[in-house]
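Protein chains get the first letters and strands the later ones, always in sequence-line order, with residue 1 at the start of each.
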2 protein chains.
Amino acid sequence: MEPVSATTAEAKKGERTRSAILDGAVELASAEGLDGLTIGHLAAELRMSKSGLFAHFGSKQELQLATVAAAGERFRIEVIEPALALPPGAERLRAIGNGYLERVNDYAGGCFWFSVTAEYDDRPGPVRDAIAAAMDAWLALIAAEARAAGHEDPDRFAFEFYAAGLGANARFRLSGDRRGFDYARALLERFPGPA
Amino acid sequence: MEPVSATTAEAKKGERTRSAILDGAVELASAEGLDGLTIGHLAAELRMSKSGLFAHFGSKQELQLATVAAAGERFRIEVIEPALALPPGAERLRAIGNGYLERVNDYAGGCFWFSVTAEYDDRPGPVRDAIAAAMDAWLALIAAEARAAGHEDPDRFAFEFYAAGLGANARFRLSGDRRGFDYARALLERFPGPA
DNA sequence: CCTACCGATCGGTAGG
DNA sequence: CCTACCGATCGGTAGG
């Protein structure tokens with residue numbers, strides 16, 4: 001009767017399913033990695049058939065790339081976008097940095113980026129390139145805000161904050177030591193920056 | 001004729017084979033993780049049969065535990081032992097820290113501990129416990145030397161150096177940026193420590 | 001989005 | 001240390 005409208009409704013439903021799949025995929029990959037993110041495991045968790053899920057992506061690698069993109073998009077929406085309402089510099093840097101640390105601290109699976117960086121940093125290909133691009137953008141964002149905040153060496157500050165985030169996540173997940181989060185938060189208050 | 005002597009010779013050969021297997025296992029796990037360390041892949045690389053290799057360990061988990069222990073043992077022999085000839089404090093801290101950074105920089109597969117921490121930090125069990133114990137000992141060693149060197153907050157210094165090591169490895173492997181190694185090395189010269 | 005299937009590889013075993 | 005296997009699971013396909 002109404003083929004166009006029906007098609008639109010179907011497309012919407014497909015989009016919702018795809019989005020639900022990617023939510024599960026980001027969570028699963030944070031804990032099990034992008035290889036441990038098997039199509040069978042993910043399908044079982046979402047109560048779908050393997051082939052039904054698979055049809056949304058066409059290959060394991062496309063699922064991995066979509067998962068990396070989804071993790072970046074969710075981080076952008078939940079942490080970065082809100083902070084852009086603040087003026088550039090110290091205030092915004094603190095909002096972004098603390099927003100990131102809270103997320104890492106709260107998420108059940110720990111930091112998605114820590115997990116996938118360690119997994120793919122030695123394996124050339126599009127998945128690694130997507131992870132590297134996201135991390136480059138993250139460090140560039142921190143450096144830009146640090147520069148606006150008056151840091152003498154913004155690139156170095158960005159590295160230190162990035163490293164502190166990795167370290168805090170690792171220490172907390174492995175040994176239950178939360179002090180790394182305090183050290184990382186303290187970096188955001190160190191102005192105008194170290195010698 | 002000489003059953004005891006023959007048995008001893010066989011045991012020696014078994015030990016050498018086991019050691020060669022573990023060398024390959026540490027290298028493979030640095031790049032592919034402890035799950036990607038499959039018995040078939042490792043056997044093919046060493047030109048052994050799967051079951052011949054398997055017989056040395058009895059289970060995948062025992063192979064993983066032996067690999068973690070071997071990585072720790074090799075690090076202890078190559079980096080820590082030589083530094084113990086130096087007096088405790090700044091000198092020894094620099095030797096250990098720089099020795100670690102050189103290793104991470106040089107190794108083809110990157111840092112074994114970075115790879116396996118991200119992989120197992122969310123999976124309870126003996127493998128994760130072994131990794132956590134090794135990392136706790138590593139931070140405690142750095143903290144003890146930092147204390148002897150006069151740092152005001154040795155635990156914090158240990159965290160900062162640990163984090164800088166993770167960050168330097170990640171930035172270099174992902175994006176080819178070696179500046180993290182310079183930042184980490186600079187920490188070893190910052191005496192008696194930050195505020 | 002499903003059922004039913006494919007060849008390859010996984011960890012592990014039997015028996016020598 | 002080997003050959004020859006096992007059931008389970010992998011990514012992916014056919015056909016609907």
Side-chain angles (χ1 to χ4, degrees), chain A residues 3 5-25 28-29 31-68 116 119-120 123 125-128, chain B residues 3 5-25 28-29 31-68 116 119-120 123 125-128:
Chain A
S5 159
T7 301
T8 305
E10 279 164 19
K12 267 192 183 167
K13 183 165 182 233
E15 259 315 300
R16 259 180 319 207
T17 302
R18 188 187 154 95
S19 181
I21 292 171
L22 289 175
D23 282 338
L28 195 57
E32 309 281 344
L34 284 169
D35 286 339
L37 174 70
T38 67
I39 294 165
H41 189 168
L42 184 56
E45 210 149 272
L46 295 165
R47 284 178 188 82
M48 289 177 65
S49 70
K50 267 174 55 179
S51 62
L53 191 157
F54 187 82
H56 281 272
F57 304 96
S59 76
K60 171 88 182 255
Q61 182 169 281
E62 285 304 319
L63 168 63
Q64 293 172 322
L65 288 170
T67 302
V68 171
V116 303
E119 198 178 7
Y120 274 86
R123 301 195 221 165
V127 176
R128 168 231 174 92
Chain B
S5 156
T7 301
T8 305
E10 278 164 19
K12 265 192 182 165
K13 185 169 181 229
E15 259 314 302
R16 257 179 318 197
T17 302
R18 188 187 153 94
S19 181
I21 292 171
L22 289 174
D23 282 338
L28 195 56
E32 309 281 343
L34 284 168
D35 286 339
L37 175 70
T38 68
I39 295 165
H41 188 166
L42 185 55
E45 211 148 273
L46 295 165
R47 285 180 188 79
M48 290 177 65
S49 69
K50 266 174 56 177
S51 62
L53 191 157
F54 187 81
H56 281 271
F57 303 96
S59 74
K60 171 87 183 256
Q61 182 169 281
E62 285 304 318
L63 169 62
Q64 292 172 324
L65 288 170
T67 302
V68 171
V116 303
E119 197 177 10
Y120 273 86
R123 300 195 221 167
V127 176
R128 169 232 174 93

Asks: Using both distances under 3.5 Å as the test, list the Watson-Crick or G-U wobble partner of D:dG16, or none.
Replies: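 Check on D:dG16: paired to C:dC1, both distances under 3.5 Å.
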Asks: Choosing from D:dC1, C:dC1, C:dG11, which nucleotide comes nearest the side chain of A:His56?
Replies: C:dC1
Asks: Keeping B:Gln64 on the side-chain end and B:Val127 on the backbone end, is there a donor-acceptor pair under 3.5 Å?
Replies: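 No.
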Asks: How many whole angstroms separate atom NE2 of A:His41 from atom C1' of D:dT9?
Replies: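 Interatomic distance, NE2 of A:His41 to C1' of D:dT9: 13 Å.
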Asks: Distance check needed: D:dT9 P versus A:Leu37 CG, whole Å only.
Replies: 17 Å
Asks: What pairs of donor and acceptor atoms, side-chain ones from residues 42-58 of chain A against any protein atom, are under 3.5 angstrom apart with sequence neighbours left out?
Replies:
unit_1	atom_1	unit_2	atom_2	d
A:Ser49	OG	A:Gly52	N	3.0

Asks: Please tabulate, one pair per line, each protein N/O and nucleotide N/O from nucleotides 12-15 of chain C that are separated by under 3.5 Å, including the distance.
Replies:
unit_1	atom_1	unit_2	atom_2	d
C:dG12	OP2	B:Lys60	N	2.5

Asks: At what distance, to the nearest 0.5 angstrom, does CG of B:Leu37 lie from CD of B:Glu119?
Replies: 9.0 Å
Asks: If pairing requires Watson-Crick or G-U wobble contacts with both distances under 3.5 Å, which nucleotide is the partner of C:dC6?
Replies: D:dG11
Asks: Rounded to whole Å, how long is the line connecting atom CG of A:Leu46 with atom C1' of C:dC1?
Replies: 14 Å
Asks: Quickly work out the B:Leu53 CG to C:dG11 C1' distance and round it to whole Å.
Replies: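 That distance rounds to 12 Å.
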Asks: What are the two closest non-hydrogen atoms of B:Arg123 and B:Arg128, and how far apart are they?
Replies: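 Closest approach of B:Arg123 to B:Arg128: O-CB, 3.3 Å.
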Asks: Students often get this wrong, so: under 4.0 angstrom with heavy atoms, is A:Ser49 touching a base, only sugar-phosphate, or nothing?
Replies: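 It contacts base atoms.
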Asks: B:Leu42 CG to C:dG11 C1': how many Å, rounded?
Replies: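 For the pair B:Leu42 CG and C:dG11 C1', the rounded distance is 14 Å.
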Asks: Rounded off to whole Å, could you give me the CE-to-C1' distance for the B:Met48 and D:dC1 pair?
Replies: 7 Å
Asks: Between P on D:dC1 and CD on B:Glu15, what's the gap in Å once rounded to a whole number?
Replies: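 Rounding to the nearest Å, CD of B:Glu15 and P of D:dC1 are 11 Å apart.
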Asks: Nearest whole Å is fine: how far is C:dT9 P from A:Asp35 CG?
Replies: 15 Å
Asks: Are any non-hydrogen side-chain atoms of B:Leu65 and B:Gln61 less than 4.5 angstrom apart?
Replies: yes
Asks: Supply the atom-to-atom distance B:Leu63 CG to B:Leu34 CG, rounded to the nearest 0.5 angstrom.
Replies: 8.5 Å
Asks: What are the two closest non-hydrogen atoms of B:Lys60 and B:Thr38, and how far apart are they?
Replies: NZ-CA, 4.3 Å
